[in-house]
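The structure under discussion appears below in the form of structure tokens.
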Amino acid sequence: MKVVGSTVGEKRYALLLAATDSEYVKKVYGGYFNVFVAAFGEEGERWDLFRVVEGEFPDMNELHNYDGFVVSGSPYDAYGNDLWIIKLCFLLQTLDAMEKKVLGICFGHQVLCRALGGKVGKANGGWDIGLRRVRIVKELLPFSFQGELSGEELVPTSLAIIECHQDEVWEVPMGAEVIAFSDKTGVEMFKIGDHVLGIQGHPEYTKDILFNLIDRLLNNDCIQRDFAENAKLGMEMAEPDRICWEKICKNFLKGE
């Protein structure tokens, strides 16, 4: 387990890492853990890393000590029956019963849905890679953030986010609310109460991380060259709303 921060009485969070670090991310960022903490962490917090993809899980007797959990993306299918995925589903069911804050990103969004009774599977429209604008149903938002210029509480009606997935949520769990969608994906975000939030896109990704991932998918014959080039072109012409997404995720994790 990797730990950042050690102050007594601080807020404590856990990253449930469902992917192995790519060589690029290890070289440039020191691993995905650092990418997530840079995006969602704040001074005076403790962040613990559990590589669930390798069978490393938090002690069930320690769960009450955490203020929130983040489930990362993964190349694995959220509907798969690998032992670690089944174990992760059980953990997420336990956290839901405890009403602990859980933020699911991409695979994490999908596996949260599965664990809590929804349905996930292959995306009907195939791969979605690149920049995608999602429309937000603002009356259902579990968060808001300060407008930088006006100082007023603002909720955007749409935001651009980096996407990289070929699976999707087909049906949200009972009691869940869809709070964002796009022209490609029907469930871009969902929430359950104020303690579960799933985001299909990658608010933590930078352009260079996505470009490297596109290259690896292309080299592994997972996608076609023209598809890869179009995805990169779209990213070169526009920017994701990273600051807004980071605020959304922080406000969700750290809100009362």
Side-chain angles (χ1 to χ4, degrees), residues 1-59 62-63 65-76 84 88 91-92 95 100-112 129-131 145 159-165 197-217 235 239-254:
M1 181 181 75
K2 184 174 181 178
V3 178
V4 171
S6 58
T7 306
V8 176
E10 69 205 336
K11 285 202 169 185
R12 187 176 178 185
Y13 299 92
L15 173 64
L16 307 177
L17 189 61
T20 55
D21 292 323
S22 70
E23 289 303 315
Y24 178 81
V25 169
K26 277 196 290 187
K27 179 180 178 181
V28 177
Y29 297 94
Y32 282 118
F33 179 65
N34 292 340
V35 173
F36 275 95
V37 173
F40 304 151
E42 293 181 333
E43 198 71 33
E45 296 174 348
R46 169 173 169 168
W47 281 76
D48 299 339
L49 169 64
F50 296 94
R51 298 182 183 275
V52 293
V53 70
E54 297 174 6
E56 185 179 88
F57 284 79
D59 188 321
E62 289 287 317
L63 299 181
N65 291 324
Y66 287 92
D67 293 283
F69 298 79
V70 178
V71 190
S72 78
S74 176
Y76 288 83
W84 71 270
L88 177 58
L91 172 59
L92 295 175
L95 295 176
K100 285 290 184 180
K101 297 261 188 178
V102 183
L103 170 64
I105 304 296
C106 198
F107 166 90
H109 160 85
Q110 297 162 11
V111 80
L112 252 179
I129 303 178
L131 203 62
F145 56 84
L159 287 171
I161 193 169
I162 292 175
E163 306 260 7
C164 187
H165 64 100
L197 179 64
I199 301 176
Q200 179 57 71
H202 285 275
E204 82 287 7
Y205 268 15
T206 55
K207 280 187 176 183
D208 62 295
I209 290 176
L210 180 68
F211 280 19
N212 179 262
L213 181 51
I214 290 173
D215 289 341
R216 285 187 282 127
L217 290 171
M235 287 295 299
E239 294 286 337
D241 293 308
R242 289 195 70 222
I243 293 176
C244 290
W245 285 110
E246 288 177 6
K247 286 181 179 179
I248 286 169
C249 293
K250 285 181 179 180
N251 284 5
F252 166 74
L253 286 170
K254 303 159 206 305

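Note that the numbering runs from 1 along the sequence shown for the chain.
- The two residues Cys164 and Leu217 come nearest to each other via the heavy atoms SG-CD1, 4.0 Å.
- For Glu239, the side chain to side chain donor-acceptor pair (under 3.5 Å) test picks out Lys207, with sequence neighbours left out.
- Residues passing the side chain to side chain donor-acceptor pair (under 3.5 Å) test with His202, sequence neighbours excluded: Glu204.
- In this structure, Glu42 has no salt bridge (Lys or Arg N to Asp or Glu O under 4.0 Å) partners at least two apart in sequence or on a different chain.
- The side chain to side chain donor-acceptor pair (under 3.5 Å) search around Asp241 returns none, not counting sequence neighbours.
- With sequence neighbours excluded, no residue forms a ring pair (Phe, Tyr, Trp, His ring centres under 6.0 Å) with Trp245.
- Taking CG from Leu197 and CD1 from Ile105, the interatomic distance works out to 7.5 Å, rounded to the nearest 0.5 Å.
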Val70 and Cys249: side chain to side chain contact (heavy atoms under 4.5 Å, CB included), yes or no, with the steps? CA-CA 10 Å; Val70 178; Cys249 293; over 6 Å; no
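- Between the CG atom in Asp21 and the CZ atom in Phe33 there is a gap of 11.0 Å [rounded to 0.5 Å].
- Asp215 is linked by a side-chain contact (heavy atoms from CB on, under 4.5 Å) to Lys232, counting only residues two or more places apart in sequence or in another chain.
- Residues forming a salt bridge (Lys or Arg N to Asp or Glu O under 4.0 Å) with Glu54 (at least two apart in sequence, or on another chain): none.
- With a 4.5 Å cut-off on side-chain heavy atoms, Leu131 and Ile161 do not count as touching.
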Side chain to side chain contact (heavy atoms under 4.5 Å, CB included) assessment of Leu16 paired with Leu91: CA-CA 10 Å; Leu16 307 177; Leu91 172 59; 3.9 Å; yes
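- Applying the salt bridge (charged side-chain N to carboxylate O under 4.0 Å, His left out) test to residues at least two apart or on different chains, the pairs with a partner in residues 25-38 are Glu23-Lys26.
- Interatomic distance, Tyr24 OH to Leu213 CG, rounded to the nearest 0.5 Å: 11.5 Å.
- A donor-acceptor distance shorter than 3.5 angstrom exists from the side chain of Ser72 to the backbone of Ala18, with no hydrogens or angles considered.
- Taken to the nearest 0.5 Å, the CG atom of Leu15 stands 10.0 Å off from the CZ atom of Phe50.
- Considering every non-hydrogen atom in both Trp84 and Phe107, the closest pair reads CH2-CZ, 3.7 Å.
- Between His165 and Cys106, the closest heavy-atom pair is CB-SG, 3.9 Å.
- Taking the charged nitrogens against the carboxylate oxygens, Glu45 and Lys250 have no contact shorter than 4.0 Å, which rules out a salt bridge.
- Minimum heavy-atom separation, Leu159 to Cys244: CD2-CB, 3.8 Å.
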As a quick check of understanding, evaluate side chain to side chain contact (heavy atoms under 4.5 Å, CB included) for Tyr32 and Leu49, giving each step before the final call. CA-CA 10 Å; Tyr32 282 118; Leu49 169 64; over 6 Å; no
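- For Tyr29, the ring pair (Phe, Tyr, Trp, His ring centres under 6.0 Å) test picks out no residue, with sequence neighbours left out.
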Verdict with supporting geometry, Ile129 and Leu210, side chain to side chain contact (heavy atoms under 4.5 Å, CB included): CA-CA 9 Å; Ile129 303 178; Leu210 180 68; 4.1 Å; yes
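- Here the OH atom belonging to Tyr13 is positioned 13.5 Å from the CZ atom belonging to Arg46, to the nearest 0.5 angstrom.
- Between the side chain of Lys101 and the backbone N or O of Phe252, at least one donor-acceptor pair lies under 3.5 Å.
- A search for ring pair (Phe, Tyr, Trp, His ring centres under 6.0 Å) contacts involving Phe69 returns Tyr66, not counting sequence neighbours.
- Taking Asp67 as the reference, nothing meets the salt bridge (Lys or Arg N to Asp or Glu O under 4.0 Å) condition, with sequence neighbours excluded.
- Shown here for Leu63 and Leu95, the closest heavy-atom pair between the two residues is CD1-CD2, 4.0 Å.
- Closest approach of Ser22 and Val25 over heavy atoms only: OG-N, 3.1 Å.
- Taking Tyr76 as the reference, nothing meets the side chain to side chain donor-acceptor pair (under 3.5 Å) condition, with sequence neighbours excluded.
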